[in-house]
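The next block holds one structure in the form of structure tokens; read it before the comments.
Only heavy atoms go into these numbers, but all of them, side chains included; no hydrogens, no water, no symmetry mates. Small disclaimer: the values here were computed from a predicted structure and weren't measured.
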Amino acid sequence: MDPTNAELYKLVLPDFPYVVAAYGVLWIALIGYVSLVLSRLMKLEKEILVVEESCARRDGGKA
């Protein structure tokens, strides 16, 4: 193995578990955030449907 690469691996490999853990935490946080946004979006769509139905009934009653 090239001595430069050997020295580079020697410097990087001890920190590898921390890097993997940091990426894991970031991915978990990102997945949680996206799940939260999607659940709020779905709730908002349901509320919009209720409002649209209410407006349609109101307009249908006047005509």
Phe16 and Leu8: same hydrophobic cluster, using ILVMFWY side-chain contacts below 4.5 Å? no
Check Leu44, Leu36, Val37 against Arg40 for a side chain to side chain contact (heavy atoms under 4.5 Å, CB included) and give me the one that passes. Leu36
Measure the NZ-CG distance between Lys46 and Leu49 for me, rounded to the nearest 0.5 Å. 10.0 Å
May I have the list of side-chain donor-acceptor pairs in residues 23-35 shorter than 3.5 Å, sequence neighbours left out?
unit_1: Ser35; atom_1: OG; unit_2: Ile31; atom_2: O; d: 2.9

